[in-house]
Amino acid sequence: MINIVLFGPPGSGKGTQSEKLIEKYGLIHLSTGDILRSEISNGTELGVKAKAFIDKGELVPDDDVKAMVLKKFDEHTNPKGFIFDGFPRTCDQARFLRHELTDRDLRVNIMLTLNVPNDELVKRLLKRAEIDGRADDKKSIIERRIEIYQNQSETIAEFYHKMHKYVPIDGLGTVDEIFERICVAIDATL
Ligand code: B4P
């Protein structure tokens, strides 16, 4: 079983690259952003609560995200592995993931961080806003999301660096070029 953590700022291409990784490696996509958006569109209690945070560009509270991830994770029997897309985003979430995987005799194989300069992130997300109209893809909210990422990223990187799992990836270029870099890094761990 191979478990990949895909990390990076908003708009770095986590969702985009996850789609290609699922196809190539047959993994299960566990995107906390996607699950939260689905909770919002279904009008669940969690969705109503999460919306208030997401619309402001803030992170959803750890306890809610952790419970949601665990539920999704345990829905699958005998998976080839998971792509954790956008999770963990805090140290508490990272410790939780390590604990739950260890309990099941599993581990994170690699943590990939997509590095993209801020001006490019803003450009990509504003472009996405024109197509998808996501409520959190407004300039001021994008800037807040990037700021939150920057506040958390060093400690998360350090967490995985200590476990020898941290691999930075240049997130600039075409989707295929970036995918190639990611595959080289993953294949080196297999
Ligand atoms: P996410 O859904 O994770 O959203 P994201 O960071 O904006 O997306 P991503 O990096 O996947 O970007 P994408 O590939 O789509 O989170 C949304 C919110 O949910 C968070 O702000 C938070 O509130 C909440 N949340 C989620 N997880 C949480 C957690 N664990 N704890 C607490 N709260 C949590 O790419 C963006 C755009 O760029 C796309 O339009 C794409 O087409 C384009 N693009 C991609 N690659 C490109 C390339 N190489 N060149 C040019 N454009 C590219």
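Atoms within a ligand are numbered from 1 in the order they appear, just like the ligands themselves. Residue indices begin at 1 and follow the sequence shown.
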For atom 25 (N) of ligand 1, which of Ile35, Ile40, Asp136, Leu36 has the closest heavy atom?
Leu36
Heavy-atom distances under 4.0 Å are what count here, so tell me which part of Leu59 touches ligand 1: side chain, backbone, both or neither.
both
Below 4.0 Å from ligand 1: does a non-hydrogen atom of Arg134 turn up there or not?
yes
So for Gly173, does at least one of its heavy atoms come nearer than 4.0 angstrom to any atom of ligand 1?
yes
Heavy atoms only: which of Gln152, Arg128, Lys51 is nearest to atom 39 (C) of ligand 1?
Arg128
Here the atoms of ligand 1 under 4.0 Å from any heavy atom belonging to Gln93 are 29 (C), 30 (N), 31 (N), 32 (C)
Any atoms of ligand 1 less than 4.0 Å from a non-hydrogen atom of Ile54? List them with their elements.
19 (O), 23 (O), 24 (C)
Quick one: do Arg128 and Asp136 make a salt bridge, cutoff under 4.0 Å?
no
So, Asp62 and Lys66, do they make that salt bridge, N to O below 4.0 Å?
no
Report yes or no: do Asp187 and Tyr25 form a side-chain donor-acceptor pair below 3.5 Å?
yes
Any atom of ligand 1 sitting under 4.0 Å from a heavy atom of Gly11?
yes
Quick one: does Arg37 get within less than 4.0 Å of ligand 1, heavy atoms only?
yes
Looking only at protein heavy atoms, identify the closest one to atom 6 (O) of ligand 1 and say how far it is in Å.
Lys14 NZ, 2.9 Å
Run the ring-centre check on Phe82 versus His76 and record whether the distance is less than 6.0 Å.
yes
With a cut-off of under 6.0 Å to the ring centre and 45° to the axis, is Lys20 in cation-pi contact with Phe179?
yes
Do any heavy atoms of Ser31 fall under 4.0 Å from ligand 1?
no
Hey, is Arg145 touching ligand 1 through its side chain, its backbone, both or neither, going by heavy atoms under 4.0 Å?
side chain
Could you check if a side-chain atom of Asn109 sits within less than 4.5 angstrom of a side-chain atom of Ile4, using non-hydrogen atoms only?
no
Residue, atom and distance of the protein heavy atom nearest atom 3 (O) of ligand 1 read Arg89 NH2, 3.1 Å
For atom 51 (C) of ligand 1, the closest protein heavy atom turns out to be Arg124 NE, 3.5 Å
Close approach of Ser12 to ligand 1, heavy atoms, under 4.0 angstrom:
yes
Please list, in number order, the atoms of ligand 1 under 4.0 Å from a heavy atom of Ile178.
49 (N)
Salt bridge check, Glu130 against Lys127: does any charged N sit closer than 4.0 Å to a carboxylate O?
no
With salt bridge (Lys or Arg N to Asp or Glu O under 4.0 Å) as the test, would you mind laying out the steps for Glu45 and Lys49 before giving the verdict?
CA-CA 6 Å; Glu45 196 181 324; Lys49 183 174 177 186; over 6 Å; no
Which is it for Pro9 and ligand 1 at heavy atoms under 4.0 Å: side chain, backbone, both or neither?
backbone
Residue pair Thr90 / Gln152, side-chain donor-acceptor N/O under 3.5 Å:
no
Strictly below 4.0 Å, N to O, side chains only: are Asp132 and Arg134 in salt-bridge contact?
no
Contact with ligand 1 for Glu58, non-hydrogen, under 4.0 angstrom
yes
Output yes when Glu120 and Arg124 qualify as a salt bridge under the 4.0 Å nitrogen-oxygen rule, no when they do not.
yes
Ignoring hydrogens, what is the shortest heavy-atom contact between Val167 and Ala185? Give both atom names and the distance.
CG1-CB, 4.0 Å
Of all the atoms in ligand 1, which lie at a distance below 4.0 Å from a heavy atom belonging to Phe87?
30 (N)
